[in-house]
Amino acid sequence: MSAVAESTGAVRRPARSRPGVRAVYRWELFKLRYQKRTYLGLGAAAVVPIIFVVAIHFRHHRDAGGGDFAFASYLTKSGLVVPLVILLFGAVWMFPLITALVAGDIFASEDHNGTLKTVLTRSLERWQIFAGKALAAATYAVVAIFINGTVAVIAGCIESGFNSVQTLSGSIVSAPKGLELVYLSLLVYLIPIATVVCIGLLLSTVTRNSAAAVVGTLMISLLFQLIGILPGLGATVPYLLSTQFNAWQGLLRQPIDWSPIVRAVWVCALYGIPALGTAFLVFLRRDVAGG
Amino acid sequence: MTNPADAPTSPGPAPVEVRGLVKRYGELTAVAGVDLTVEAGDVYGYLGPNGAGKTTCLRMMLGLIRPTEGTVRLFGRDPLESVHALDGVAGFVEAPTFYPYLNGRRNLELLASFDGDDARGRIDEALETVELADRAKDRVGGYSHGMRQRLGIAAALLRDPQLLLLDEPATGLDPAGMRDMRLLIRRLADQGMTVLLSSHLLAEVEELCNRVAIVRTGKIVYEGAIAELKRSAGATYRLSTTDDERAMAVCRAQPGVGDVRVVHGRISFTADDGTVAELSQALIEAGALIQMLAPQTVTLEDLFFSLTEGDGVVDEKAPAVATR
Ligand SMILES: Nc1ncnc2c1ncn2[C@@H]1O[C@H](COP(=O)(O)OP(=O)(O)OP(=O)(O)O)[C@@H](O)[C@H]1O
Ligand SMILES: [Mg+2]
């Protein structure tokens, strides 16, 4: 009987230390280190600028520069243009794909492994698990973008030199100022990427299937692109997610044009917050019947 | 009686209190109105055939799925409200799962940091207890089913639980593993842990549990102490003679002898001691010489089948599967 009394007494003892979102976040990042897709995404983020620079290297030697896109003529003048050109072209599918690779998987993989029941029967509330996972997915996207940008800067400068760059308004800024603009552009680029993360999380919680969530996120991203080029839908263009991927170009005007950036913030919030909120509610209320 | 340091004077709410629990999946009713109370110190067997709703019931107790109707209270707290209800509670449903790309120890470290407190300090002890210490550095993806089952127990022990909820804990274990599992549960129970385990291994439940609930298609068809259950079933005898046909006739004619039938080639009947003595006399007189006459202990198995397959008891209950 004394054992019984002791046992009920012990249960009422408040826990000395309760785990929190930080524990989930830390372990999510740790788990990412053990997953192939992490390296697939980060690897792509790092390799693409290198391939790109190698390509300009040979093209430059063949037809001495020039080209058919906005920054082409500048590419060979300063390596700092390289990360910006990659941002321009990566927007369509590369960065959404890299982002979705983890965001789309982070909940679905728990369903796949049947591990939700394992983590949900410890001492963490569902919202804490959700927050930790969402933060980890976002962190991964940030890391991927900055790895990409940094590799592009380094590879670009090796090829074309750390030189001053011409802004979209035609003025020339010094190389250090140009570098600052590159990183600011990456930061602004994170705004639509955050929305992609939210969409990935939503599809991950709703479909409970990693492949479906990754492909779905990419499809949504491409769909926006498609709407933008459909005839008669021109008026919607400023409010499409795809357009927000170009908001960083405002930084390259002189003076800086903040209007596309401000618009990106609220347009992305308009898409991202409902997606994230829905994912949150679905995760909080769902039955964990599998696994 | 209670520990004055941290407990009020009352013995506190029961470890498990389930009232009117129902879970429907569309047309299918997996759990059809279960009432269940597990008192502190009980080793409670939740027994039923495949698809009876054992796992579904345990999932609701652990807050993994929402009941369609009814309530669950663990030490008086609702697992749907907060995970705090699981303080002092551990267990698993179906086969325990882990991250296959992490090794056993890492998995436990992850879970321990999700437990908080000093769970981390219990990892080594838990691994020793389930005899996985030497495989702790291998990826769980390469573990056998039985090893995962053991790791599941280790993961539960990290929480230093007062209440263990186990869903078929011995499934997939080899005979030695099953024995170890039983010994472990026995030991934990002796230390004061309350255990609720689901099973269809009757021997396991019979050996371990002091109380059982027998479920069939989502409904409890029997609930009570095992000893009680057996007593209510009456004494059965097995008989084998030189002339079984004549012996059958004698048995049927003998007052006080009931339920005469052939089971596994032997005559089976119920009777009390005095009647048996008279019966043996009658058999010899009739020329059916006794080769064997033995009292049959009623196993839980017999009761289980009569309750889960027979029509008597269960027929009166409402059909568990909705037919709308
Ligand atoms: N997620 C689900 N969706 C639909 N039906 C379900 C679901 N989970 C369980 N069921 C149904 O509920 C019933 C009870 O299932 P449950 O897994 O609880 O049985 P069980 O008693 O644990 O069986 P077993 O001994 O085979 O483990 C079954 O008919 C099953 O098909
Ligand atoms: Mg089951």
Side-chain angles (χ1 to χ4, degrees), chain A residues 1-39 109-129 132-133 284-291, chain B residues 1-8 11-13 15 25 39-41 56 59 62-66 75 82-84 86-102 106-107 109-119 152 155 158-160 162-163 165 190-194:
Chain A
M1 196 58 205
S2 75
V4 170
E6 243 175 59
S7 72
T8 48
V11 171
R12 273 185 245 107
R13 181 187 62 208
R16 275 181 295 276
S17 68
R18 282 211 163 265
V21 176
R22 247 191 55 184
V24 185
Y25 177 67
R26 227 166 38 87
W27 276 101
E28 284 302 322
L29 292 185
F30 182 84
K31 274 157 54 193
L32 283 178
R33 283 169 39 195
Y34 283 82
Q35 286 168 283
K36 275 198 203 82
R37 65 181 59 238
T38 311
Y39 298 99
S109 68
E110 301 279 347
D111 274 295
H112 178 75
N113 291 325
T115 37
L116 266 186
K117 66 175 186 191
T118 308
V119 291
L120 289 179
T121 49
R122 312 309 291 194
S123 296
L124 287 161
E125 305 285 357
R126 288 194 184 195
W127 71 265
Q128 293 173 312
I129 303 259
K133 281 179 168 291
L284 240 55
R285 297 198 54 89
R286 65 166 288 189
D287 274 359
V288 181
Chain B
M1 172 180 136
T2 45
N3 187 339
D6 44 20
Y25 289 108
E39 300 289 348
T56 306
R59 278 187 200 277
L62 286 166
L64 290 172
I65 59 180
R66 283 171 184 275
F75 296 104
S82 162
V83 81
H84 288 225
L86 296 185
D87 286 352
V89 181
F92 52 78
V93 287
E94 286 182 338
T97 49
F98 298 94
Y99 297 105
Y101 45 83
L102 300 180
R106 278 267 190 269
N107 267 289
E109 281 170 359
L110 181 151
L111 295 176
S113 67
F114 285 12
D115 288 334
D117 268 350
D118 37 11
L158 294 184
R159 292 174 68 72
D160 192 18
Q162 308 306 316
L163 169 65
L165 301 173
D190 289 344
Q191 288 166 9
M193 204 178 286
T194 307

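In what follows, every chain begins at residue 1, and chains take the letters A, B, ... in the order their sequences are listed. Computed from a predicted model, the values in this text were never measured in an experiment.
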Exercise for review: Mind listing the closest non-hydrogen atom pair of B:Val83 and A:Leu124 along with its distance?
Suggested key: CG2-O, 3.5 Å
Check your understanding: Which atom pair, heavy atoms only, marks the closest approach of B:Leu102 to A:Lys31?
Key -> CD1-CG, 4.0 Å
Practice item. Go through B:Leu111, B:Asn107, B:Leu62, B:Val93 and name the one with the most non-hydrogen pairs under 4.5 angstrom from chain A. Key: B:Leu111
Practice item. Assess the side chains of B:Thr97 and A:Thr118: does a donor N or O sit below 3.5 Å from an acceptor N or O? Key: yes
Exercise for review: Output the distance between atom CD1 (B:Ile65) and atom CZ (A:Arg286), rounded to the nearest 0.5 Å.
Suggested key: 11.5 Å
Review point. What closest approach, in Å, do B:Arg59 and A:Val288 show between heavy atoms, and which atom pair accounts for it?
Key: NH1-O, 2.9 Å
Review point. If you look at every heavy atom in B:Ser82 and A:Glu125, which pair is closest and at what distance?
Key: OG-OE2, 2.7 Å
Practice item. Side chain from CB out, backbone as N, CA, C, O: work out which of these in B:Leu110 comes under 4.5 Å of a heavy atom of chain A, or both, or neither. Key: both
Check your understanding: So, B:Arg159 and A:Thr121: side-chain donor and acceptor under 3.5 Å apart, yes or no?
Key -> no
Point to revise | Portion of A:Arg285 that has a non-hydrogen atom of chain B nearer than 4.5 angstrom | key: both
Check your understanding: So, A:Glu110 and B:Tyr99: side-chain donor and acceptor under 3.5 Å apart, yes or no?
Key -> yes
Practice item. Heavy-atom distances under 4.5 Å only: say whether B:Glu109 touches chain A with side chain, backbone, both or neither. Key: both
Point to revise | Interchain contact, B:Ala95 with chain A, by part (heavy-atom threshold 4.5 Å) | key: backbone
Check your understanding: Taking all non-hydrogen atoms of both residues, which atom of A:Ser123 and which atom of B:Asp115 are closest, and how far apart?
Key -> OG-O, 3.4 Å
